[in-house]
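All values below were derived from every heavy atom in this structure, side-chain atoms included, with hydrogens, water molecules and symmetry-related copies excluded.
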Amino acid sequence: MDKRSGRQYRYFKPDLRAEREENGPKIIKGYFAVFDDEYEMGMMISESIDPGAFSNTLGGDIRALWNHNTDIVLGRTGAKTVDLSVDSHGLYGSITINENDSDAVNSWARVERGDVSQCSFGFDIIREEMIEREDGSWHFRLLEVELYEVSPCTFPAYKQTSITARANEVKAIQKRETDVWKANMKARINKPC
């Protein structure tokens with residue numbers, strides 16, 4: 001399946017942590033996405049991220065936001081205040097906190113204390129694979145995404161917008177399959193003996 005419009009958000013509970021070496025900068029680091037874990041989205045829909053999904057996107061100028069809020073920019077790869085890389089486990093990142101920015105320092109403190117321990121990422125789907133399983137459920141595998149941002153989040157996005165979008169996709173596929181079946185049956189019925 002090719003690129004779909006509409007920015008998507010996913011989250012999970014990573015090992016997000018706040019660190020500070022002696023006399024060093026404050027840093028938030030952890031995995032912003034994990035490969036091959038199945039995210040249950042509800043309505044018999046699940047999703048996973050392929051290890052190659054971020055291969056063509058990490059060269060862009062990706063932001064680190066607080067709670068997906070574009071008014072609170074914690075850093076960006078273009079300014080070298082965010083470092084993102086991929087390993088066999090997932091998308092790993094570190095955000096160097098600007099200690100002159102009270103929003104950024106407060107964000108670091110919330111992560112350090114454990115009040116915020118989840119994160120999310122914002123992206124567009126470039127390529128994905130859709131798999132209908134024997135039990136009637138659907139699994140979507142993200143093969144390639146365009147990454148825009150990563151965010152430590154209080155209540156990460158993984159809710160109705162993406163579930164509704166996925167449910168609508170499944171309904172559209174099922175409708176096409178039903179229409180093809182009906183057309184085939186009609187052709188069989190109308191076929192002269």
Side-chain angles (χ1 to χ4, degrees), residues 1-16 30-65 67-70 76-78 82-95 118-184:
M1 180 174 239
D2 290 331
K3 183 175 181 175
R4 292 188 304 113
S5 61
R7 188 162 296 173
Q8 305 280 315
Y9 300 97
R10 302 296 183 270
Y11 92 95
F12 65 101
K13 185 172 180 163
D15 182 21
L16 192 64
Y31 283 93
F32 288 92
V34 173
F35 299 138
D36 296 320
D37 276 3
E38 279 200 25
Y39 302 98
E40 293 299 326
M41 301 176 77
M43 298 169 56
M44 296 182 66
I45 299 171
S46 63
E47 181 178 79
S48 63
I49 303 169
D50 185 82
F54 297 103
S55 296
N56 296 322
T57 194
L58 293 184
D61 190 9
I62 301 160
R63 276 65 166 178
L65 306 176
N67 275 323
H68 300 293
N69 184 342
T70 57
R76 63 194 290 180
T77 57
V82 173
D83 181 44
L84 296 171
S85 62
V86 170
D87 62 21
S88 61
H89 186 65
L91 175 66
Y92 185 81
S94 65
I95 306 165
Q118 295 173 308
C119 61
S120 181
F121 60 100
F123 63 99
D124 279 337
I125 297 171
I126 304 298
R127 284 186 314 116
E128 66 183 347
E129 177 182 33
M130 298 170 28
I131 303 160
E132 183 177 13
R133 294 183 169 160
E134 289 183 17
D135 65 358
S137 66
W138 288 85
H139 181 74
F140 291 80
R141 184 160 178 82
L142 301 179
L143 301 175
E144 182 180 357
V145 302
E146 183 173 352
L147 183 65
Y148 297 108
E149 54 97 359
V150 295
S151 289
C153 290
T154 309
F155 294 107
Y158 194 135
K159 298 188 179 175
Q160 293 304 87
T161 53
S162 50
I163 292 172
T164 300
R166 294 296 198 196
N168 289 340
E169 286 178 30
V170 170
K171 286 178 187 174
I173 291 166
Q174 290 170 335
K175 183 181 181 327
R176 283 195 304 265
E177 289 174 349
T178 300
D179 291 345
V180 167
W181 180 83
K182 285 179 181 178
N184 288 339

Thr154 versus Asn67, side-chain donor and acceptor atoms under 3.5 Å: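 Indeed, the side chains of Asn67 and Thr154 share at least one donor-acceptor pair under 3.5 Å.
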Short side-chain donor-acceptor distance under 3.5 Å, Ser151 and Glu149: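 Yes, Ser151 and Glu149 have a side-chain donor paired with an acceptor closer than 3.5 Å.
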Once rounded to the nearest 0.5 Å, what's the spacing between atom [atom1] of [X] and atom [atom2] of [Y]?
{"X": "Ser46", "Y": "Ile131", "atom1": "OG", "atom2": "CD1", "value": "8.5 Å"}
{"X": "Leu65", "Y": "Arg76", "atom1": "CG", "atom2": "CZ", "value": "10.5 Å"}
{"X": "Phe123", "Y": "Thr57", "atom1": "CZ", "atom2": "OG1", "value": "11.0 Å"}
{"X": "Glu146", "Y": "Asn56", "atom1": "CD", "atom2": "CG", "value": "10.5 Å"}
{"X": "Glu128", "Y": "Phe140", "atom1": "CD", "atom2": "CZ", "value": "6.0 Å"}

Side chain to side chain, [X] and [Y], heavy atoms closer than 4.5 Å:
{"X": "Ile95", "Y": "Phe32", "value": "yes"}
{"X": "Cys119", "Y": "Cys153", "value": "no"}
{"X": "Val34", "Y": "Tyr39", "value": "yes"}
{"X": "Leu84", "Y": "Leu91", "value": "yes"}
{"X": "His139", "Y": "Glu38", "value": "yes"}
{"X": "Asp83", "Y": "Thr77", "value": "no"}
{"X": "Glu47", "Y": "Leu142", "value": "yes"}
{"X": "Ile45", "Y": "Ser137", "value": "no"}

Pairing residues for Tyr92 by the ring-ring contact (aromatic ring centres under 6.0 Å, His included) criterion, not counting sequence neighbours: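 ring-ring contact (aromatic ring centres under 6.0 Å, His included) check on Tyr92 returns Tyr31.
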Test side-chain contact (heavy atoms from CB on, under 4.5 Å) applied to Val145 and Asp124, step by step: CA-CA 6 Å; Val145 302; Asp124 279 337; over 6 Å; no
Residues forming a side-chain contact (heavy atoms from CB on, under 4.5 Å) with Asn69, sequence neighbours excluded: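 Here the qualifying residues are Asp71, Ile72.
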Derivation of the side-chain contact (heavy atoms from CB on, under 4.5 Å) call for Val82 and Arg63: CA-CA 7 Å; Val82 173; Arg63 276 65 166 178; over 6 Å; no
Test: Arg127 and Asp50 ion pair at under 4.0 Å: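 No salt bridge links Arg127 with Asp50.
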Ring geometry between Phe54 and Phe121 (parallel below 30°, tilted from 30 to 60°, perpendicular above 60°):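 Geometry flag for Phe54 against Phe121: perpendicular rings.
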Distance-minimising heavy-atom pair for Arg141 and Asp36: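 Closest pair (atom of Arg141, atom of Asp36, distance): NH2-OD1, 2.7 Å.
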